[in-house]
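Quick caveat: nothing in here was measured; it's all calculated off a predicted structure. Indexing begins at 1, ligand by ligand and atom by atom, following the structure's order.
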Amino acid sequence: MVKKRACVFISGSGTNLRSIIKNSREYNFPVNIKLVISNQKHADGINFAKKFSIPHIILNYNRTKFEKIATKLLLEKKINLLCLAGFMKVLSKKFIRNFKGNIINIHPSLLPKYKGLNTFNRVLSDGEKNTGCTVHFVEEKLDSGKIIVKKRVSINKDDSPEKLKKKVQIEEYKAYSIAIRKIYSKN
Ligand code: GRF
């Protein structure tokens, strides 16, 4: 099997990156991670790239400069799939158009519900019984592209935003890799 070439954009702890890296080491996983880009100098996730000897770079610049350098690297490294994993910069319409159909993201809610930030606080204050995570294609409109995978968790009465985040993240680690497998199982 010839594996596709993936890049992961991160901004923080990179625990989704870690789970994708681990799965990508299986021989029948459809992608290998060839590049990790962080827009934050101190993103802990960079340590996972280091640990697994994956090329990585920090691009702590404004959006225009970030996208210019990132685009060059994605083309040079012949990246097929760009995975956003806790990447907190909003990409420009132009950048998204350039890589359209090849950018995916993970969002901590059951989209289309609870787009945007602070999803855990909002689901709790609305008294929801369930929430979860969604992996979706990235479109120009925020958190709105075609959904690839959703995973649900139930909310308990005593769940705090922190507790809920932990429960949802356990599902995220499964969902991201299921989504990547699903994208390539059709081809
Ligand atoms: C995840 O919960 C994801 O849903 C959101 O940001 C968080 C990133 O966590 N977009 P990590 O950096 O993968 O640990």
- Task: Can you see which heavy atom on Lys34 is nearest to which on Lys77, and at what distance?
- Result: O-CD, 3.8 Å
- Does the ring center of Phe9 lie less than 6.0 Å from the ring center of Phe66? yes
- Could you tell me if the ring centre of Phe95 sits under 6.0 Å from that of Phe87? no
Does any N or O of ligand 1 fall below 3.5 Å from an N or O anywhere on [X], backbone included?
X: Asn16; result: yes
X: Tyr173; result: no
X: Ile106; result: yes
X: Ser13; result: yes

- Task: Only heavy atoms count here, so choose which of Gly14, Gly12, Ser19, Pro108 is nearest to atom 5 (C) of ligand 1.
- Result: Pro108
Just to confirm my output: which protein heavy-atom neighbour is closest to [atom], and how far is it?
atom: atom 4 (O) of ligand 1; result: Glu172 OE2, 2.5 Å
atom: atom 6 (O) of ligand 1; result: Gly86 CA, 3.5 Å
atom: atom 7 (C) of ligand 1; result: Gln169 NE2, 3.9 Å

- Does Thr119 reach the side chain of His107, with side-chain heavy atoms less than 4.5 Å apart? yes
- So Thr134 and Asn105, side chain to side chain contact (heavy atoms under 4.5 Å, CB included) or not? Walk me through it. CA-CA 8 Å; Thr134 307; Asn105 180 44; over 6 Å; no
- Electrostatic pair Lys165-Glu162, nearest N-O below 4.0 angstrom: no
- Looking at Lys100 and Glu139, does any basic side-chain N land under 4.0 Å from a carboxylate oxygen? yes
- Is ligand 1 under 4.0 Å from a heavy atom in the side chain of Lys165, in the backbone, in both, or in neither? neither
